[in-house]
Amino acid sequence: MKRTLLFLTCILFLGNAIVFAQSKASPADPKMKAFIDGLMKKMTIDEKIGQFNLPGAGDIVTGQSTSSDIGKKIKEGKVGAILNLKSAEKIRDVQKVAVEESRLKIPLLFGMDVIHGYQTTFPIPLALSCSWDMALIEKSARIAATEASADGICWTFSPMVDIARDPRWGRIAEGSGEDVYMGSQVARAMVKGYQGSDLSRNNTILSCVKHFAMYGAAEGGRDYNTTDMSRLRMYNEYLPPYKAAIDAGAGSVMTSFNEVDGIPASANKWLMTDLLRKQWGFNGFVVTDFTAINEMIEHGMGDLQTVSALGLKAGTDMDMVGEGYLTTLKKSLKEGKVTIAEIDRACRRILEAKYKLGLFDDPYRYCDLNRAKNEIGTDENMKAAREAATQTFVLLKNENQLLPLQAKGKIALIGPLADNLYNMAGMWSVAVDHNQSITVLQGLKNAIGNQAEILYAKGSNFVDDPQLDLNINNTIIPTIDSLRTPQQLRDEAVAIASKSDVIIAALGEAAEMSGECTSRTNIQIPENQRELLKALLATGKPVVLLLFTGRPLDLSWESKNIPAILNVWFGGTQTGNAIADVVFGKVNPSGKLTATFPQNIGQVPIYYNHKNTGRPINAGKGDWFTKFLSNYLDVSNDPLYPFGFGLSYSSFSYSDLKLDKQKLTSGGKLTVSVTLTNTGKVDGAEVAQLYIRDMVGSITRPVKELKGFQKVFLKAGESRTLNFTITPADLAFYNSDLQLKSEPGDFKVFVGTNSADTIESSFVLE
Ligand code: NOJ
C-alpha cells in the first residue's frame, strides 16, 4: 500500500511578482476510500466518537490489559489511540484487545513523545538545530523512528516547530530557536526522518507537528499563556515552519494550548480549517494537546459539552485525555449542536491515518519483539548520537586557546552535572534508559585512560533553595545534598581544584529546568553555582565552563570572567563521550546558536531578525546610547551572543563577496559567491550564513533575514569558493493583503560567520 503524499507548494509567477498557491492534498486513494466507506457504514455513532478518544496509558499491566479500565473501553469501541504506552510487548497486548475483543476490530494508534530520539537519545531539539546540519537532524529522526517503531510506537508527537524568541519560556528547548527559515528547514528534515517515503513500512512512524499555532509566543514567556499577534507576523514569522512540516507530508497536527485571536487554538476554526485545510491542503488529522478541550472551560468558552462541540466544529478530530468528546458529542448530536457530517469527517481522518500506517493489514506491524531486541539502542545508533552531539556544542569563548585540553596532568572535574546520569539526556526523554547515559566523568575517563588524572567533586547543588528544587523536580525527588552543606561542597571542590592543573566546571541548568512548564524569570546560572565558579576562579587555575542548558542564558558575568565556555546544551545518551571528543580536540566544535543570548533578561525578546524603528541606534554616532534613539539607558542593544554565533578551534575568514549580476529578474536567479578560508592551524567545519535585507517594502521588513547556509569542512589553510543562489521566491513575504509576493527594489546581501559579523553587497530585484 503506497502512502499518499501531499503535493508541495506550487509557485505561480504573475508578472514579476510571485504568489504561493496553497498546497493541495492529493486525491484520496480509491482503495482506501472504499475500505473506509465500508467500515464507517458498519460503525455506530458511539464507535465513531470512540475513535476520537486518546487516553493516557495509565497503569496498563501486561497480561491485564483486558481487565484494565482502558481495556474495558477498548472492548466497547471507545478508544481510538493510546498515549505514551511503552514496550512492544505491552502494546501488542493492548492492540490484541482492540482487534480481538472489540466489535469492529479497529486497531489502535500508539502515540508517544519521541522528541529527540528514543532509547538512544539525541541532543535536545534546540541543540540539534545548532548543528545546522539537516542531514544529521533527519538521521536523528530516522533512528528515533526505527527504535520507536521497533517498540510498538507508530505515532510521534514531534516535531515541535514553535518559533521561540523568549528564553524565559522553557519549551524553547524543544524547538529550533528563533528563526523562521531555520525552523522550516528543521521541520522538513524531521518529518522526512520520521515518516520516510512510505508510511506503511514497519520502521516509519506518523509525525505530529505541534503546537499549532504560535505557542512559542506566550506572553511573558509563561507556559500556556495568551498569545496575541498580527496576521502579518503570523504569516511571515511564525506559521512557515508548520507549513513546511505539512508540505513535507506530516500526517497529523497537534493544537496548541494558547488562544489565537481570542479563541483557544483547539476551537479556532480559522486555524484548524480555513488555514490548515483550505489554504494549506492538509489532509491528515488534528489531535488536541493534553486536555486542551477541557481547558477551554477555564479559558471561558463554556461548559464541557459546549467546548467539545466547538472543538469538533472547528476541525479538531481527536481529544487527548480529557474525554470531552467521548462524553458529550452524542448528546450534542441529538441536540443539533454538532452534525453527523462533522462526526464522520473526523472519524474518517483518523481511520485514514490507521490505513496509511498499514494497521488494517497488520495491527501488530510495529510489535515485532525481535526488532525490539535487535534494533533499539544499538552500537551504531549510539555512535550516531555521539557524533550528533559533538556537532551541537557551541563554543562561546576560548581565551588564549585554552581549549582543547591536553590529556595530561591533573584535571579537576567539578559541578552538579559532572557525574549525573539523570541529567545528561535532557528534558522529554521518555524512552531513555538513564543507566546507558554517559556522564561527563565517564566520558573523560573513557577518552584519556591513564594519560591524565581526573579529580572529581560535586561542588554544589543545582540550587540551594529547597522550594525551587522541588519545583524543578516536580516535587518528587529533592536533589539538595542531605549530607553536606553548600559550604562543605564548595570547600571540597576548591581543595581538589587547587591540586589540579586545569578545572572543568560542569554547571548550568538541571535537565528539568527546561521543557514543559519550566518558565524562568531569572535566566542566569543559579546563584549558588556562580558562587562555586567564583571560588574555583580564585584558585588561579584555568577554568573551562561546560555549560548545560535548555535555553539561552544570561551569561554576562561568565563571559567576562571565565576564559573558556563550551555550551553543551543536553547532548543525549552519549553526552559524556561527545564532550570528551570536543574537549580533547578529537572533534573541532562547529555548532552555531539558533537563539540569541541576551545581555540580560530585560532585553528579552531579543532576536536578530527584528524590524527597524524610525530611530535605530545605528543612526547615532556609533555610541550604544544616544538620547532620543531606540535604546536602553543601562545596556546596549547588542546581544551577548548573536544568532548564528559559535567559535571553532580554528578561525575562518570571508573574502571576495561577488554577485554574478546586479539585477535579478523575475524567473531569474542570482549567484552569490564568497571565498571561505580556514585561517587557523586545525581542520574544522564552518557554517557560512547568508542573510538578506529588503531595503524598501510595502510593509516594513526585518533588518536581516537568513536565506541560506552551508556547513563546510576545511582543512587548515584551505580555501573554497561557496556559491549561494537567490531567486525571487526567496525574497517573497506576505504583504498586507496576506499575499506572498516579492517586491521589486533594492536588497542587501550579507554573508558571514554569524548574523552580526558579515560582509555585504547589494542588488536590485526588477
Ligand atoms: C503536553 C505537551 O504540550 C505536548 O507537547 C505533548 O505531546 C503532550 N503533553 C503529550 O505528552
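Atoms within each ligand, like the ligands themselves, are counted from 1 in listed order.
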Pairs under 3.5 angstrom, nitrogen or oxygen on both sides, ligand 1 versus protein: list them out, please.
from     : atom 1 : to     : atom 2 : distance (Å)
ligand 1 : 3 (O)  : Arg171 : NH1    : 2.6
ligand 1 : 3 (O)  : Arg171 : NH2    : 3.3
ligand 1 : 3 (O)  : His211 : NE2    : 3.4
ligand 1 : 3 (O)  : Asp289 : OD1    : 3.4
ligand 1 : 3 (O)  : Asp289 : OD2    : 2.5
ligand 1 : 5 (O)  : Arg171 : NH2    : 2.8
ligand 1 : 5 (O)  : Lys210 : NZ     : 2.8
ligand 1 : 5 (O)  : His211 : NE2    : 2.7
ligand 1 : 7 (O)  : Asp113 : OD1    : 2.5
ligand 1 : 7 (O)  : Lys210 : NZ     : 3.0
ligand 1 : 9 (N)  : Asp289 : OD1    : 3.3
ligand 1 : 11 (O) : Asp113 : OD2    : 2.4

Parallel, tilted or perpendicular: ring planes of Trp155 versus Phe285, cut at 30 and 60 degrees: tilted
Contacts of Glu237 that satisfy salt bridge (charged side-chain N to carboxylate O under 4.0 Å, His left out) - sequence neighbours left out: Arg165, Arg233
Partner residues of Tyr607 under the ring-ring contact (aromatic ring centres under 6.0 Å, His included) criterion, sequence neighbours left out: none
For Leu417, all residues meeting side chain to side chain contact (heavy atoms under 4.5 Å, CB included), sequence neighbours excluded: Asn423, Met424, Phe462, Ala506, Phe548, Phe570
Pair Lys210 + Asp113: basic N to acidic O under 4.0 Å: yes
Basic-acidic side-chain contact under 4.0 Å: Asp317, Arg277: yes
